[in-house]
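Some notes on the structure that comes next.
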Amino acid sequence: MTKSYDHKKIESKWRREWEKAEVFKTADVSDKPKCYVLDMFPYPSGEGLHTGHTRIYTASDVYSRMKRMQGLNVLHPTGWDAFGLPAEQYAIKNKIHPSAAVKKNTDRFREQMKSLGFSYDWEREINTTDKKYYKWTQWAFLKMLEKGLAYESYEPINWCPSCKTGLANEDLEGNACERCGTTVEKKPMRQWVLRITDYADRLLSGLDTLNWPESIKEAQRNWIGKSEGALIKFKVKSKKKKDDDELEVFTTRPDTLFGATYCVMSPEHKLLDEWKDSIENWSEVEAYREEMKKKTEIERTAEGKEKTGVRLLGITAKNPANGEELPVFIADYVLAHYGTGAIMAVPAHDTRDYEFAKKFGLNIKKVIQPLSSKWLIVEKSLPAECVQNLITFGDVEVKEIDKDWGKFFTVSISEKEDEFIDWLKKNLLKTSDDGGSWYANSDDSRKVVFSEIEFDVSTDEGIASYKDYGRKKGVPEEELDVDDSKIFIGYGILVNSGKFDGIKSEDAKKAITEFAGGKLKTTYRLREWVFSRQRYWGEPIPVIHCERCGVVPVPEKDLPVILPDVEFYEPSGTGESPLANIHDWVNVKCPVCRSDAKRETNTMPQWAGSSWYYLRFIDPRNQDALVSKEKEKYWSPVDMYVGGVEHATRHLIYARFWHKFLFDIGVVNYEEPFIQLKNVGLVLGEGGIKMSKRLGNVINPDTVVEIYGADTLRVYEMFMGPFEQSTAWNTESMIGPRRFLEKVWKLAPKVKSDALVTASLETAYHQTIKRVSENIEDFKFNTAVSGMMIFLNELEKVESVTKEMYEGFLKLLTPFAPHMTEELWHDLGNDTFIYHETWPIFDPSKIVSDRMAIAVQVNGKVRATFEIGREIGEEEVKMTALTQPEVRKWVGENQPKKVIYVKDKLVSVVV
RNA sequence: GCCGGAGUGAUGAAAUUGGUAACCAUGCACGACUCAAAAUCGUGUGCCGUAAGGCUUGGGAGUUCAAGUCUCCCCUCCGGCACCA
């Protein structure tokens, strides 16, 4: 009588029906509010879909399906990111053309994705290698060229000798090629570069507006690496030359300028060649430079490596703050590409400078005094008797420690700290209204913790202030102590700095920079985006090189520049792409002067096409524009973006950069592309080890779908653990979700029109609606499934279920198990698609039952629980609690000191 | 070194945000059905203890009637950056 749950039959049946009825087709324009739910589209590898993909796609699919049922117009598309090295390598290895490989792989991916029942609108499928698509990638490049954001450069770049192509900084892992692990070399060559650093500040500040995981935002902040400092010029003197050379340094600590005792230039610094004649030991300098050229970046930057360098004899630099003549060195610890490639060295307040100074026996001059809660700062204008009073105050020892400074006193903190502060407040200082908050630990006077408060006070005679800089979390005791033998790299109070003595580091930065004739400057760690690859399988860069006209952009009307077919697409390794050999294609007429010219043969990196693909889904067939303004305005930005963390500092930075550029030229209406981002946790192999072909522990989704069904796989992947957390695959545990679905299936015959609904079942039902809806919204799919399991267990206890309740339950389940619920929905006599139904809404009045369970604690331990009507008042609940036998046993004859009632939850009795 | 995230039963994990730690699921044990096994169903299952009871969220302190959750110190693991001045 009951038909069995045959997942194969059901799943293929409903996939056909959905396709026939075009249920997943998205309306372009609608009165409904929109919701754009996007997966990071796959790179269609030869391996097919893996369990990591399916976890992402299931999550976004569950979310999309609920949003649709909640009445939103949902855009949920997918496509293929198919240009780039892996596809090309795969093609070379399998001796087929990359485009054939892409076709083969995407067909496989598409079929696998369909077999999982994802609700993608396949009519919007895009492929970055499609000329109709990459026409617009090239178009965007031309726009960047036009705005000066794309340019040719000849700087040495990272070159992977194995992949035979130049790479961007983002393509490295450590100092190796991210793809193949080969150590990269520095190779000077012509290349195309995008000025991403022009957007560094906006890429940074935009992060604050995004609902992204903190870890990703932090990774991007680190990657961009903003540091605020100053450019300061040192006059350079040499015996042979007149006093007109200048060495500009970048420093984040202009406040330590008085402590600069030497300067260091990177061995690659351009001024060195100009100074050749003035440098007395040029041969030594040259030898050092040669040595550095041979070393890899890794060797140069190895941790714990001893400092090396060479002093430039005959050259000195003048400290603009105090006029001191300083020696100048070249050393490899200064990097050519950061700041100005030269530094002022302050050995007293920088660990690297300190190491170098120790080794070369250079002066170390302390100019920053650490601050702590032990410091009292009294400004110069303080009347003498006040200082006297301070010094003589009771048990608090106030000692002048350096007469030269004239205004620093240590306050050794005693148990009379409070009195001392009271005295300060009364006699010397008037506090601001609230006085801030400070507190002291009474049993250890040294552990006094202050918040940062300043008392600024005017007395008749002058101004005094008690500044308390507090002790920051985690600052060890040593740093607070004044200890000249240790170097101090933090902020503090200036000493030995002429008229700047006594000023806080933070305040001194600007003042000293101005004093030294420098200027404040912000630098970034982010490097320009090296945008050309000497490989075949990428978008041709749409420019023409003409001897007469130089670089000429391909006219827009001639786009796309189609990637030609070639016989041999292996990289040449010469720095030319394989396209250089296709004479028919390379040789063209200059669009400007019609003379003979050549096409650019470099191609774009893999990341180009994925930097804007999400916009194309909005308007995938548009021939006249990247995206229509009207549609873009409706759909953009992406509301929910789901994918892996590996894209934190690659795709997600590049896409934000492109998007901001497109915003600037008016293509898009909003400055950030992805409002909310969710990261999937890794799916590890059984036992928590990484899945890999080599270990043979890769789970193939096809097999799982075959044995358990797509619905079970979907439920399992959502139930296996928190979405954003890594979890090990466990085939044994898959039986749980399968049993769950079987139980739902077997419940169908229990549906009766006259079924009785108890109040507690009704409550459970509404609680489940609430929980599942909220959990899906928050991407807490595991607890959503758990919630449904709990409710199912309730349903199993009763004789019969109403149709309404069962249908409601199926609706909650359908995002997770769309095929099975569709079948059950139709079995109930419905001829609509459950997919088109409305999401259940809970009744707030029904989510609380009229009974409540109260726990009773005696001295913090739970000793009894009881149930009582929700309407019962506090006093009565307390009385009931105290009369519980278990409670009486533990309270005994004692009179309770205190009885606390936490509404609807517990009674806490203190004896 | 700096920054971010995490640490809870045998296992995946949950905890209404300070209020009964371990929901749900897997596994395991026992039982029912079966000639038998699988499947299914039922009962039990944090640790110590026969029990009464005690202990338990990486470790240590603290605040509180009450701490997985808040504060301080420390340890371990994962991730980002790192001779970036």
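Below, read A as the first sequence line, B as the second, and so on, with proteins coming before strands; counting in each chain starts at 1.
Taking 4.0 Å as the cut-off between side-chain N and carboxylate O, A:Asp208 and A:Arg221 count as a salt-bridged pair.
Residue-level contact check: A:Val334 touches the bases, meaning some heavy atom is under 4.0 Å from a base atom. A:Thr523 comes within 4.0 angstrom of no nucleic acid atom, judged by non-hydrogen atoms across all strands. At a threshold of 4.0 angstrom between heavy atoms, the contacts of A:Asn782 are confined to the sugar-phosphate backbone, with no base atom among them.
A gap of 14 Å separates the P atoms of B:rG7 and B:rU16, to the nearest Å. Distance noted for atom P between B:rA15 and B:rG68: 16 Å (whole Å). With both ends at atom P, the span from B:rU45 to B:rA51 equals 13 Å, rounded to whole Å. Taking atom C1' in both B:rG18 and B:rA66, one finds a spacing of 8 Å when rounded to whole Å. Nucleotides B:rC47 and B:rG9, compared at atom P, are 11 Å apart to the nearest Å. Separating the P atom of B:rA38 from that of B:rA52 is a span of 35 Å, rounded to the nearest Å. Taking atom P on both nucleotides, B:rC70 is separated from B:rA85 by 33 Å, rounded to a whole Å. Comparing B:rA14 with B:rU64, their C1' atoms sit 25 Å apart, to the nearest whole Å.
If you check B:rG4, B:rA15, B:rC83 against the side chain of A:Ser215, the one that comes closest is B:rG4. When distances are taken from the side chain of A:Lys898 to each of B:rA82, B:rC65, B:rA13, the shortest belongs to B:rC65.
Taking the side chain as every heavy atom from C-beta outward, A:Met691 and A:Leu684 never approach each other to under 4.5 Å. Contact check for A:Ile854 versus A:Gln884: no side-chain heavy atoms found under the 4.5 Å cut-off. Looking at heavy atoms from C-beta onward, A:Thr522 lies out of side-chain contact with A:Ser227 at the 4.5 angstrom threshold. Using a 4.5 Å heavy-atom threshold, the side chains of A:Leu326 and A:Met344 count as separate.
Shown for residues 225-232 of chain A: residues whose heavy atoms fall under 4.0 angstrom of RNA chain B, namely A:Ser227. Of the residues in residues 247-261 of chain A, those placing a heavy atom less than 4.0 Å from an atom of RNA chain B are A:Phe250, A:Thr251, A:Thr252, A:Arg253, in numerical order.
Annotation: side-chain hydrogen bond (donor to acceptor under 3.5 Å, both in side chains) contacts of A:Glu155 (sequence neighbours excluded): none. Applying the ring-ring contact (aromatic ring centres under 6.0 Å, His included) rule to A:Tyr5 yields the partners A:Trp745; only residues at least two apart in sequence or on another chain are considered. Partners of A:Trp729 by ring-ring contact (aromatic ring centres under 6.0 Å, His included), not counting sequence neighbours, listed by chain and number: A:Tyr716. A:Trp212 is linked by a side-chain hydrogen bond (donor to acceptor under 3.5 Å, both in side chains) to nothing, counting only residues two or more places apart in sequence or in another chain. Not a single salt bridge (charged side-chain N to carboxylate O under 4.0 Å, His left out) links A:Lys905 to another residue, sequence neighbours left out. Remark: A:Glu724 engages no residue in a side-chain hydrogen bond (donor to acceptor under 3.5 Å, both in side chains) (not counting sequence neighbours). Residues that satisfy the side-chain hydrogen bond (donor to acceptor under 3.5 Å, both in side chains) test with A:Glu874, not counting sequence neighbours, are A:Lys878.
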Checklist entry - Base, backbone or nothing for each nucleotide of nucleotides 18-26 of chain B, written B, S, -, heavy atoms under 4.0 angstrom, 5' to 3'? => result -BB--BBSS

Checklist outcome for this item: Quick tally for nucleotides 53-58 of chain B: nucleotides whose base has a protein heavy atom under 4.0 Å get B, sugar-phosphate-only ones S, the rest -, giving SSS---

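Under 4.0 angstrom from either OP1 or OP2 of B:rA13 there lies at least one side-chain N or O belonging to A:Gln725.
In B:rU17 the O4'-C1'-N dihedral to the base is within 90° of 0, which defines a syn nucleotide. Glycosidic conformation of B:rG4 is anti; the angle lies outside 90° of 0.
B:rC81 atom C1' lies 14 Å from atom CZ of A:Arg650, rounded to whole Å.
Partner of A:Tyr262 under the ring pair (Phe, Tyr, Trp, His ring centres under 6.0 Å) criterion, chosen from A:Tyr354, A:Phe360, A:Phe356: A:Phe356. The only member of A:Gln857, A:Lys861, A:Lys898 that meets side chain to side chain contact (heavy atoms under 4.5 Å, CB included) when paired with A:Ser908 is A:Gln857.
Listed for the A:Thr58 side chain is no donor-acceptor partner under 3.5 Å among the backbone atoms of A:Arg55.
Side-chain rings of A:Phe791 and A:Phe809 approach one another, their centers coming within less than 6.0 Å.
Around the NZ atom of A:Lys359, the shell of radius 6.0 Å holds more than 12 heavy atoms that belong to other residues, nucleotides or ligands.
For A:Lys307 against B:rC83, a side-chain-to-base donor-acceptor contact under 3.5 Å is present.
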Pairs: protein N or O with nucleotides 45-49 of chain B N or O, under 3.5 Å:
none

